[in-house]
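Have a look at the structure below, then the notes.
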2 protein chains.
Amino acid sequence: MSTLPSFPVGDLPAMWLRDNCPCAGCRDPRSGQKLFQIGALPPGLRVGSAADAAGEAAPAVEVVWEPDGHRSSYPLAWLEAVRPGRTGHGDLRTEAGKELWTAREVAGRLPEADWEEYLGEPGIRARMLESVLRLGFMLLRGVPGREGQVLEVAETFGYVRETNYGKLFDVRVEPDPNNLAFTSAAITPHTDNPYRDPVPTLQLLHCLVNDAAGGDSGLVDGFAAAALLRREDPEAFDVLTRTPVPFVFRDAGTELRADRPLIGTDPLGRVREVRFNNRSIGTLRLAADELEAFYAAYRTFAELLLRPELQLDLRLAPGDCLVFDNTRLLHARTAFAQDGARHLQGCYADLDGLASTLAVLRRADTLEPLAELFAGAVSAEYLGEPVTMAQHMLQAGALAQAAGAPPHLVAAALLHDVGHVRGDVVTGRDLMTGNDNRHSHTGADLLGRWFGPEVTEPVRLHVAAKRYLCAVEPGYHDRLSDASKYTLEVQGGVMTPVQAAEFAGLPGAADAVAVRRWDEEAKDPDAATPPFEHFLPLLTALMRG
Amino acid sequence: MSTLPSFPVGDLPAMWLRDNCPCAGCRDPRSGQKLFQIGALPPGLRVGSAADAAGEAAPAVEVVWEPDGHRSSYPLAWLEAVRPGRTGHGDLRTEAGKELWTAREVAGRLPEADWEEYLGEPGIRARMLESVLRLGFMLLRGVPGREGQVLEVAETFGYVRETNYGKLFDVRVEPDPNNLAFTSAAITPHTDNPYRDPVPTLQLLHCLVNDAAGGDSGLVDGFAAAALLRREDPEAFDVLTRTPVPFVFRDAGTELRADRPLIGTDPLGRVREVRFNNRSIGTLRLAADELEAFYAAYRTFAELLLRPELQLDLRLAPGDCLVFDNTRLLHARTAFAQDGARHLQGCYADLDGLASTLAVLRRADTLEPLAELFAGAVSAEYLGEPVTMAQHMLQAGALAQAAGAPPHLVAAALLHDVGHVRGDVVTGRDLMTGNDNRHSHTGADLLGRWFGPEVTEPVRLHVAAKRYLCAVEPGYHDRLSDASKYTLEVQGGVMTPVQAAEFAGLPGAADAVAVRRWDEEAKDPDAATPPFEHFLPLLTALMRG
């Protein structure tokens, strides 16, 4: 390791770099969780030596640590991506992760979709969920007008959050209301449940009936309003971010109080939460000058929130379901005539579950090239064996799964020969004409785009595993098919004892041997194999962040 | 209004004072919600005149506002309690609302109770829930060892929060764990689900089996640890409060990320949340010097959290259920031998629901004097009528309820004669000897301890209502009982037309007339009446905060 590595790892903060060591001793290969305590790293930790990783792996820098001798191998692409000073996406829950809007900017391009299409098409579902994160809302049309349906809408992306209003609440005129929501009165822009902590971060409103004159809905982007306040009256903005406000609610069975500012910011001062509800602000207890300053700022913000250009007006029709970010968007409704019927059903849920559902949906998208590769390999010949290339790989994956192998090995078995395939051209034909196509390395490098070494390394070593088994396992060579005996020679032949010992010491060698055995078995023309889609959940779970 | 009022209301911040106007036009008497927009108050709002409220009400200051002429009446006791500059309890979720502890300080006095006693005795239940808020945990013993029981424990104080681990999760060794919790490995002190936002604020762990060698539990007060860090290394504390940390989790169906500091503070800098989990910290993206500073502070805090004097050691036995604040307490477990069985079931819930349950439990406590008053009145004669004083009042309340009256009127009817009662002595006897005991005022003043004017004023005016009805309603006087005709004269006789017009203009007059009619009816010796406890939920709901 005397030449300079491709990335100056010695200049990086040592604890940070070590904390990100991807080896199987530092991170559980299955859960990805860190296996060591930060305090267990030795004081004076530093890079002892660093060099580009030997061999033909995806470019990586290997570090030997002082004083403990631990070895870490960092993919070069990862080092480039996260190098200090380059800011990451940061906290997408703050204004930095949002597209702020005024009414005019969204009126012509509402994030809306038909319920059936939302359910049936993952691409549409992903676009809608992304709208909730980016714009703060989505509007589903044609949602069946059944009572309780709103809970099913919530379950498409997360978990219902039960509150004192129930799992589900009816928004209609009630005889003895515990909340003005359940009257026909106009309600100005507000967020819900400000007296809850944690506040429900998503609200759903599903319209069942709206025959009343009035009762129109409005949405205001509270982050845009807060940003406007910061520009127009920075002192007022500052007061509202630093004054905890008591929000209170009480009825027969409930007594809630939360002390939170009207505008919540993250440690970097970015807007992260708006909590605004004039109905439930309790008595502030502050010095007189602080009260004067707070009330002046509160009035300024309240007036700003009522500017018509900020409010998107909507009229919910039966079958519409509005889903919005209750930490950001304020909602309002106009008064309505009591002689017309108006009935919405609502529930609460949380943003974290929605963001997770979206992220998992997107994983499947990014695996599209692999799905296409399998589709192409359906008609591709497999090295003179009586199965197609797709059948061979799907059989190997199914055999691993049937054997109870962990997900990373099922994936490695399923994907071990992807280096042979380019569309419907199988590069393995070269191999049969005496040229090693080095398909195990090509495949491993290709897979590195999605998966970590627990998947790529057994793939990389599965050809070497054949050479190894021929060396160490009596009778193994004899059992190989003729085609396999031929390619063995092209690929380097039986290992010498020294080569075999070196191989056995490599990370992933035992896994590669396991993959090799399923590889050998997976040549049955009569076996039923699951389609590639069967493995998608397993593969998406293994994908790197 | 020329003399100075008892409280200098003109010196108070005008917007603040007006925002707290308790009149029925400013606050919905039923829900307590504010009915006006802060921006709707006129600019230049100021106290026009102020004086002690006329009449014999509980001491109050009446304000006439400029420029809009609105009138507000503020109880003197309220003004004294919330006067600016006197700090309120503030945010009880911060360290200011907690009792911080080290292991030694709680080891001898664990907040623990038997499950049956917790269920059966509201006082014990309140004490335990209060422990969760103050100390961060409670330990219930003897909880039935049934699977799913932990959900029932959560439902005694709140709502279960579902996560990717389910509504309920099993903590035991699993074959293909997505989390180290589901192995037999030791786990150092941590909070759960740091990658969720909102993070579940409560965790429950119910022990079903613990036969394994090892597998002991530990709790660390994260607020105490953070306070210690602030004392010992203020710079490290500061770095940890201002650095958002990416917490990440992914498996087959889940991909979560939350960017939050390890130590969260409120706008006043007080510790409000600790989020600590070495397993799920992702890659920080900062400048190199910030990374150095963060890792130094992170290591310092991590080491501090491992100090033995901070960790309370517990061994959960079958039937134990630990409930703890996941925004404050870190929990840990020692490794255990895989040949012994260990099985916990857990779930998440939230602190706001628990605090609400506790507040409602406490309301019933504070109504104890009224319950005692009714118990005394069971044997007390009612002014020569064929019912006891308790029967009379309970009947009046039941009649109001049967008539569909709103809760504040049911309460007023139920409580209208409390001014007659002192223990089992009924001061009404004086009235029958020709001395007005002014029981309506005494009663209203007594009730002011718990209830607002919507309850107290109809009680105060219910005697005047009799004088009024005799003046304006033909035949009313004739229908009065003889005793009632006698007391009418002692109480001032039939109103003059001018007195009647003045009465009709008073707030609460119409309600007082309604109470009066139930009062007249409630003299049936054969009527079945509900016990006082029947009205407790209704009364507690009406109590002022």
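Nothing here was measured: the structure is a model prediction, and the numbers come from that model. Throughout, protein chains are lettered first and strands after them, A, B, ... in sequence-line order, and every chain is numbered starting at 1.
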Chain B contact via A/Arg161 - side chain, backbone, both or neither, heavy atoms under 4.5 Å:
side chain

Only pairs of heavy atoms separated by less than 4.5 Å count here; which of A/Val248, A/Asp251, A/Asp197, A/Asp289 has the most with chain B?
A/Asp197

Tell me which of these, B/Tyr159, B/Phe36, B/Tyr195, has more heavy-atom pairs under 4.5 Å with chain A than the rest.
B/Tyr159

Quick check for you: among B/Ala359, B/Ala355, B/Gly39, which has the greatest number of heavy-atom pairs under 4.5 Å with chain A?
B/Ala359

Take B/Tyr348 and B/Asn193 through the test side chain to side chain donor-acceptor pair (under 3.5 Å) and record every step on the way to the result.
CA-CA 10 Å; B/Tyr348 299 108; B/Asn193 277 250; 2.9 Å; yes

Side chain to side chain donor-acceptor pair (under 3.5 Å) between A/Thr201 and A/Asn326: does it pass, once the steps are laid out?
CA-CA 5 Å; A/Thr201 53; A/Asn326 188 49; over 6 Å; no

Assert top hit (heavy-atom pairs under 4.5 Å, partner chain B, pool A/Thr163, A/Thr357, A/Thr265) equals A/Thr163

Classify the angle between the aromatic ring planes of B/Phe182 and B/Tyr165 as parallel (below 30°), tilted (30 to 60°) or perpendicular (above 60°).
perpendicular

With chain A, the option among B/Asp352, B/Val199, B/Leu539 that has the most non-hydrogen atom pairs under 4.5 Å is B/Asp352

Measure B/Thr283 against the heavy atoms of chain A and call it side chain, backbone, both or neither at under 4.5 Å.
both

The interface call for B/Phe294 against chain A, heavy-atom contacts under 4.5 Å, is neither

Engaged part of B/Thr241 at the chain A interface, taking heavy atoms whose separation is under 4.5 Å
backbone

Answer whether the closest heavy-atom distance between the side chains of A/Leu202 and A/Asp350 falls below 4.5 Å.
no

Tell me which of these, A/Leu538, A/Leu12, A/Asp19, has more heavy-atom pairs under 4.5 Å with chain B than the rest.
A/Asp19

Would you compute the distance between atom CG of A/Leu79 and atom CG of A/Asn20 and round it to the nearest 0.5 angstrom?
9.5 Å

Using a strict 4.0 Å threshold on nitrogen-to-oxygen distance, state whether A/Arg272 and A/Asp91 make a salt bridge.
yes

Name all pairs fulfilling the side chain to side chain donor-acceptor pair (under 3.5 Å) condition that reach into residues 296-306 of chain A, sequence neighbours left out, sorted by first residue then second.
none

Find the distance between CZ (B/Arg18) and OH (B/Tyr74) and round it off to the nearest 0.5 Å.
7.0 Å

Does the plane of the ring in A/Phe301 sit parallel, tilted or perpendicular to the ring in A/Phe276? Use 30° and 60° as the thresholds.
perpendicular

With a 4.5 angstrom heavy-atom cut-off, which part of B/Pro246 approaches chain A: side chain, backbone, both or neither?
neither

Pick from A/Thr94, A/Asp11, A/Ile281, A/Asn277 with the largest number of heavy-atom pairs that fall under 4.5 Å of chain B:
A/Ile281

Report the option among A/Val160, A/Asp266, A/Leu41, A/Thr243 that has the most heavy-atom pairs separated by less than 4.5 Å from atoms of chain B.
A/Leu41

Max heavy-atom pairs within cutoff under 4.5 Å with chain A, candidates B/Arg363, B/Glu292, B/Arg93, goes to B/Arg363

Count the heavy-atom pairs under 4.5 Å between each of B/Leu268, B/Thr327, B/Leu284, B/Leu536 and chain A, then report the option with the highest count.
B/Leu284

Part of A/Leu306 within contact of chain B (heavy atom distance under 4.5 Å)
neither

Distance col, row B/His190:NE2 vs B/Leu305:CG, nearest 0.5 angstrom, shows 12.5 Å

Heavy-atom pair count under 4.5 Å with chain B, highest-scoring of A/Ser356, A/Ala296, A/Gly158, A/Ser280:
A/Ser356

Residues forming a side chain to side chain donor-acceptor pair (under 3.5 Å) with A/Thr366, sequence neighbours excluded
none

Please classify the contact of B/Arg196 with chain A as side chain, backbone, both or neither, using a heavy-atom distance under 4.5 Å.
both

